[in-house]
Amino acid sequence: MNLPSSSFVVHQARHVETLVTGRPTRDGAGVRLTRVLTGDLQQRLDPFLMLDQFGSDDPKDYGAGFPDHPHRGFETVTYMIAGRMRHQDSTGGEGLLQNGGVQWMTAGRGLVHSEMPEQEEGRMEGFQLWLNLPAHQKMCPPGYRDIQSADIPEFHTPEGVLVRVIAGQSHGVLGAVARPASAYPTDPLYLDLHFSADLTFCQPLLASHNAFVYVYRGAVQLQGAQGQTHDVGLHRMGILSNTGDGVVLRGSAGTRALLIAGQPLHEPIAQYGPFVMNTRNELMQAVEDFQAGRFGR
Ligand code: MN
């Protein structure tokens, strides 16, 4: 376990600008999921393009998985809370994602992959976040990292909140994915917060970074300016105002929430299903390249 090496004070805390309830849908070969970050929020939450939450004890909801499909132009970050998912891709990559682990996949110029449950019963729960790439990186070589749960840095704040640092930095602890903002301008922060009692968690955030909280156990309360509070209930996303210098979250025993933030790209977003580029012409090129079998080699 890493010990936090710095402390700080949030002078002006962000408030909850909008509360979002996810939309039930199916994707892949019929996997039941909740789409929390939908297309209409892509501008507001730039550089994030999508957040899906899946969670079921019933194999009929997840068993069909996500057979071969392409991606181009962005990154997918899959965080598994419970269950096992095997992925295989057209570059020869293969890995098993399981309880508490993360797959960070950079589609770049394109690959074809499958994401299939490797269990016939039991609970399958997790998240998939889509993170945009800047125009100059959309055609970079594809790649991915499988990060096992044990390799995700964790620490307890002095107050006692358990923080899993998937990306970015919190209280001086670098995440499993910590890339220089000069090379990866989206500069993502991805934290999983576990509360074991009535506790408060503070995180500084640049006002330019778009940020949201998603609650997957219990509920959180944001402490705003002048003593105001804002509740974010179970299975709700709270979009945070771009004000102030950080966020102050209060949870109670059993509360778990994701805190996600990133630097917006301010570039045009053109999406056609699993392709996210800047222009319609680039989308047409993506379809043509995929149909011609030019992905993942
Ligand atoms: Mn995929």
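Counting starts at 1 for both ligands and their atoms, following the listed order. Keep in mind that what you see is a predicted model, and the values were worked out from it rather than measured.
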J.: Enter the distance from Q43:CD to H266:NE2 here, rounded to the nearest 0.5 Å.
T.: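 So the CD of Q43 and the NE2 of H266 are separated by 10.0 Å.
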J.: Can you sort out the partners of R256 under side-chain hydrogen bond (donor to acceptor under 3.5 Å, both in side chains), two or more places apart, ordered by chain and number?
T.: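 So R256 forms no side-chain hydrogen bond (donor to acceptor under 3.5 Å, both in side chains) with any residue.
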J.: Using the test ring-ring contact (aromatic ring centres under 6.0 Å, His included), find all partners of F195 that sit at least two apart in sequence or belong to another chain.
T.: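 Not a single residue meets the ring-ring contact (aromatic ring centres under 6.0 Å, His included) criterion with F195.
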J.: Given R32, which of D61, D52, D27 fulfils the salt bridge (Lys or Arg N to Asp or Glu O under 4.0 Å) condition?
T.: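 With R32 as partner, D61, D52, D27 yield a single salt bridge (Lys or Arg N to Asp or Glu O under 4.0 Å), made by D61.
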J.: E115: which N/O/S atom is nearest the Mn ion (ligand 1)?
T.: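 The closest N, O or S atom of E115 to the Mn ion (ligand 1) is OE1.
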J.: Given the Mn ion (ligand 1) as the apex, I'd like the angle to NE2 of H71 and NE2 of H69, rounded to 10 degrees.
T.: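 The two atoms subtend 90° at the Mn ion (ligand 1).
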J.: Can an N, O or S atom be found in H87 less than 2.8 Å away from the Mn ion (ligand 1)?
T.: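 So H87 does not bind the Mn ion (ligand 1) by this criterion.
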